[in-house]
Amino acid sequence: MFDCWFESGSMPYAQAHYPFENKKEFEDSFPADFIAEGIDQTRGWLYTLLVISTALFNRPPFKNLIVNGLVLAPDGMKMSKRLKNYPDPMEVVNKYGADAVRLFLINSPVVKAENLRFREDGVQSVLRDVFLPWYNAYRFLFQNVERFEREEGVEFTWSESSYGGSTNVMDRWIISFTQSLLEFVAKEMAAYRLYTVIPRLVKFIDNLTNWYVRMNRRRLKGEGGAEDCKAALDSLFSVVITMVRVMAPFTPFLTEMMYQQLKKKVPAFSGPEHKSVHYLLLPAARKDLIHVDIERAVARMQSVVDLGRVLRDRKTMPIKYPLPEVVVIHKDQECLDDLKSLERFILEELNVRALTLSYDKASYGVTLRAEPDHKTLGLRLKGAFKAVMAEIKTLSDATLTGFVEGAELSVQGHKLEATDLRIMYSFSGEKSAELSQKYEADSSEDILVMLDTTPDESMLEEGVAREVVNRVQKFRKSAGLKVSDEVTMHYTISPSDHNLNKILVKHLDYIQTSSKTPLRQKSGSLTKVSKTEVFEVKGAKLELAITPGHPAGFSEGSASSSAGGAPAQSWVNVELVGCAPAKYMRSVTKMIQWCGSVAF
């Protein structure tokens, strides 16, 4: 007895009226490259397809099978019009954009045949964590391209020949990482593994925005000279336009908007075949631009920096405050050499004065000890847990070191996994008390990082100076000032005998240079004060008042700059009427529509 699923399972043959006609066409196209259906069809269409094809040809009717999970309501129930237990899809699209909804769905468990509880805040997080950083990197690129053209008096253009031409290690890293990504995407998409591609693309955006752009802001702004700036802009442009092409199938609207502006800087993209990003093939990876050694070194540097940040957070020490030393211990000399080559970036990112590299943790008195994960092991071992827990606490440093490096570990016949234990570091020997007070330690895989958390007085003062810079920058932002706006800030500190007065005077040049804002101690009454605000800094009240213009002789934040002629008019307020926004930006209305309640 056949039911309707038999008809559905006969689809590959029935649609071609095989075997009665179209025999060659059918044989040329069978089996299908791929089919796609929901997990609920496992016992329906997918089953009958397989049964009938096996009976007729002794092989499956498809080369690849893509199964998606079900999108459920936030409460885990099926979406129901009667219950109205889900947000209106069009409202979500109108609020966050179709691209955000698409990326949320294809980067969810649904693409791995698992169910998804749809939540609107998940779409919002895609906008906040992926689209806005990505868009800001694109916007930052064009802002500095325009600045470069204005300052150097030349038009910026990009071509394939400039791709990967920089000798800067960070430029070479992001270019290599991009080419490795292209290689990975091509391989995984050919195998229909969408679930591995999207997380890698999202990770790439994090590397681009939170590592490359942030660590090269000064170069991109031209502070290293015109030649270095051009190399950085070329590298960033290369990466952004490649990323736009790779992401086009997944976020078609945002990438098209970016592409329309990017192609204006690419003379080779002027023809009709380059009218849209969706007319272009995905770029092929260039193996000559892939530098595995640089990618490996930067990945290790990132691990050290991430661990250092964790240690700072653990001791509640903000990154603004310099620390004396970070010690990295690894048994492989190649790893230590990689980190040494990127020492400057580790020092800057962790704000430490020195980097010490070693392969001998015993010289620092570091030993490993283990604690069982009560929840994981207790549930699995039940009655045997108590005895196993007692033995875990007696495991030697050598045993645990081998376990961390990948060796198997069994306790009383029970094989333990990495998730079963919590590995902790302690100091042993005569100086254990001193070392435990001085260093905070943590590890990731086989890299051990120890952070000296005992800053001296000069470091604490420098940290306070950075706090003042932070308050000045916040005040500029709240006052609606742009980077190019010339103002002077007048300060008053209370109580007047607070140590902040001494620190501010001592580090005045640094504060002014970093904030690009002259600071003057308030004396008498001020005129033309546009805004005043009070901030708390280390128990003192810092009052800042803004007046227009720079004081005579101020240049690039230095109080000791040589005097120069004052402008004829120190302050001009210009209101632009009827001017279109910058070419690379959409209208404010459109951006609000994309971003919802998320602010730039």
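Counting from 1, the numbers follow the sequence of the chain as shown. The structure displayed is predicted, hence computed values, not measured ones.
- Taking a cutoff of 4.0 Å between a charged side-chain nitrogen and a carboxylate oxygen, R476 and D485 do not qualify as a salt bridge.
- In this structure, L182 CG and I290 CD1 are separated by 8.0 Å, a value rounded to the nearest 0.5 Å.
- The six-membered or imidazole ring of Y212 lies away from that of F177, with a centre-to-centre distance of 6.0 Å or more.
- Ion pairing between E183 and K187 fails under the 4.0 Å rule for side-chain N and carboxylate O.
- With hydrogens and angles left out, the side-chain atoms of E295 and S176 include a donor and acceptor closer than 3.5 Å.
- Taking 4.0 Å as the cut-off between side-chain N and carboxylate O, E349 and R309 count as a salt-bridged pair.
- For the pair E227 and K230, the salt-bridge criterion is not met [side-chain N within less than 4.0 Å of a carboxylate O].
- Under the 4.0 Å criterion applied to side-chain N and carboxylate O atoms, K203 and D206 are assigned as salt-bridge partners.
- Using a cut-off of 4.0 Å between Lys/Arg side-chain N and Asp/Glu carboxylate O, R119 and D121 are scored as not salt-bridged.
- A salt bridge between R314 and E440 is present, with a side-chain N of the basic residue lying under 4.0 Å from a carboxylate O of the acidic one.
- Between K95 and E120 there is a salt bridge, with a side-chain nitrogen of the basic residue lying less than 4.0 Å from a carboxylate oxygen of the acidic one.
- No donor-acceptor contact under 3.5 angstrom links the side chains of Y96 and E91, judged on distance only.
- Within the model, atoms OG of S276 and CD of E256 stand 3.5 Å from one another, a figure rounded to the nearest 0.5 Å.
- Remark: K264 does not engage E155 in a salt bridge, criterion side-chain N to carboxylate O under 4.0 Å.
- To the nearest 0.5 Å, atom CD of residue E223 and atom CG of residue N216 are 12.0 Å apart.
- Under the side-chain contact (heavy atoms from CB on, under 4.5 Å) rule, F250 has a single partner from D99, T255, I198, which is I198.
- The six-membered or imidazole ring of F237 lies near that of F156, with a centre-to-centre distance under 6.0 Å.
- Rounding to the nearest 0.5 Å places CZ of F118 at 9.5 Å from OG of S108.
- Under the 4.0 Å criterion applied to side-chain N and carboxylate O atoms, E146 and R150 are not assigned as salt-bridge partners.
- We find the CD1-OG distance between I174 and S238 to be 11.0 Å, quoted to the nearest 0.5 Å.
- Under 4.0 Å is where a charged nitrogen must lie from a carboxylate oxygen, and between E536 and R471 no such pair does.
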